[in-house]
Amino acid sequence: MCVLACPEVFKLDDETGLAFIPDGDVPPDLAEPVRQAQESCPEEAIDVVD
Amino acid sequence: MKRTVELDIESAEHARNWKSTARDLQETCPMAWSTTHGGFWVATRYRDILRLAQENDTFTAAKTFDPDTGIVEGGTSLPPMPVARLVPAETENPEWEGFRGLLNPRLSPKAVELLRSRAEGFAAGLIDRVIETGRMDIVDDYTNPLTAMVTLAVLGIPPEEWRTFADPLHALTSLRKSDPAYPHAIELAQIMDKRIEEEIDRRTANPGDDLISYLLNSKIDGQALRREDIHQMIFNVIAGGVDTTASLTANVILHLQENPDHRRRLIEDRTLIPKAREEFVRYFSPLHGTVRTAKTGASVAGQNVSAGDRIYLLLASANRDPEIFEDPDEVVLDRCPNRHIGFGAGMHRCVGSFLARMMFETMLNEFLDRIPEYEVLAEGADRYPSISPINGWVRAPISFPPGTRRAAATNGVSEGDQGHSPGDR
């Protein structure tokens, strides 16, 4: 669900079905969608570090 | 203080009033004790339900069934079903990891994508069967056959046999276990079990590249799988693949009839569908709830849960918890963030969620392309008598301006009408 909130940062692994982040550094203009992605994760698996 | 309620999650009353019941319990007693079905806790808050699904050392889905005594312990159904455990849904570690590890790659986004064009062919063929008549039953003519056909394709079973598999599941999930028709549903399930056994034999002799052959050739820690576990994995895939997504899609097609503005937005902008799909999973929560059993004592929402206590995780209620979702009773097509747990959470989170999403998109796109205008017929749609475990529809007849067929030959769909209709019940 993070992939839906911010497809620029979060990608879905075709083999495992798990979301991953190819590049951990988020451009400033994507900060808000990344926050939304964090809030989209029911498993609370996403940490955002400022 | 322990609050006792008479909440029967299988009852017609619950099907009618679950939203107000859940909201009341969330506000006044988020872990309530129901006296029905031998006594069980009802969890209604998102945070508690997430914890119950994630803390697997304390709360388990594992089930044991002794066919000689008929005694059932644990498991994910309430009341308990006196049948063998679902694999992997009703297993725990160390076993679970091996079973789930085998299924994951077979239902990955990549594996599912390979099935999409076949699913599209099935969807087009099913609409072709009814498009010239101007009438169809959303459940019986479309969502039930499509989900069953695609699931059978995963297993390598001929899709035209879909009724053998879809009918018993439809009956088993929709009827109360006390319903006079329930024994008939059990008989149908036995026919399905026999077909699964035949398919295992067939694949043992002649392996293919299907899921059944794959399971037969797999090893966990160097050991081949036991036949009964393979059987129950096949059954679990069918049970998870068919009625859940069929119910979601039927709910959505009915919703879009009542909300033409939503229909118009989706027809005009198909890029909305992924977010809308998640919102529909949240709003309709086709899996109404699931069950865990406490392995040890624990405190949940201020209540003392004892070892052995059964707990109903009302997923539909979690998905409408106002603490998590703004305007929880509204369908917001582009809701974001949307952290619904309609596919469950934790280790037993739906293994088929990518398959479900692909089938839903395929069905909705084909339906909106071919039948953009429709009315629910006067005799009306009938909801399942019991909305637990699956909140779906027995029938949902519609009428529409007749259209034309896409193709003369249709992917095995035309022979699909075997046996009687599940609508006969």
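Lettering of chains follows the sequences in order, A, B, ..., and the numbering in each one begins at 1.
- Counting only N and O atoms by type, the side chains of R263(B) and N259(B) include no donor and acceptor under 3.5 Å apart.
- Among P105(B), A111(B), P109(B), the residue making the largest number of heavy-atom pairs under 4.5 Å with chain A is P109(B).
- E90(B) and T76(B) are linked by a side-chain donor-acceptor pair at a separation below 3.5 angstrom, with hydrogens and angles left out of the test.
- Note that R335(B) lies outside the cation-pi zone of F325(B), set by a 6.0 Å cut-off to the ring centre and a 45° limit from the axis.
- Proximity to chain A is limited to the side chain of R47(B), based on heavy atoms less than 4.5 angstrom apart.
- For chain B, the nearby part of L12(A) is the side chain; its heavy atoms alone come within less than 4.5 Å.
- In terms of heavy-atom pairs under 4.5 Å with chain A, the best-connected choice from S353(B), C336(B), A53(B), P274(B) is C336(B).
- The cationic atom of R357(B) (NZ for Lys, CZ for Arg) does not lie both less than 6.0 Å from the six-membered ring centre of F360(B) and within 45° of the ring axis.
- Contact of R51(B) with chain A is not made at all, since no heavy-atom distance falls under 4.5 Å.
- Checked by atom type, the side-chain pair E279(B)/N338(B) shows a donor-acceptor distance below 3.5 Å.
- Between chain B and the residues G17(A), A5(A), A37(A), P42(A), the most heavy-atom pairs under 4.5 angstrom are made by P42(A).
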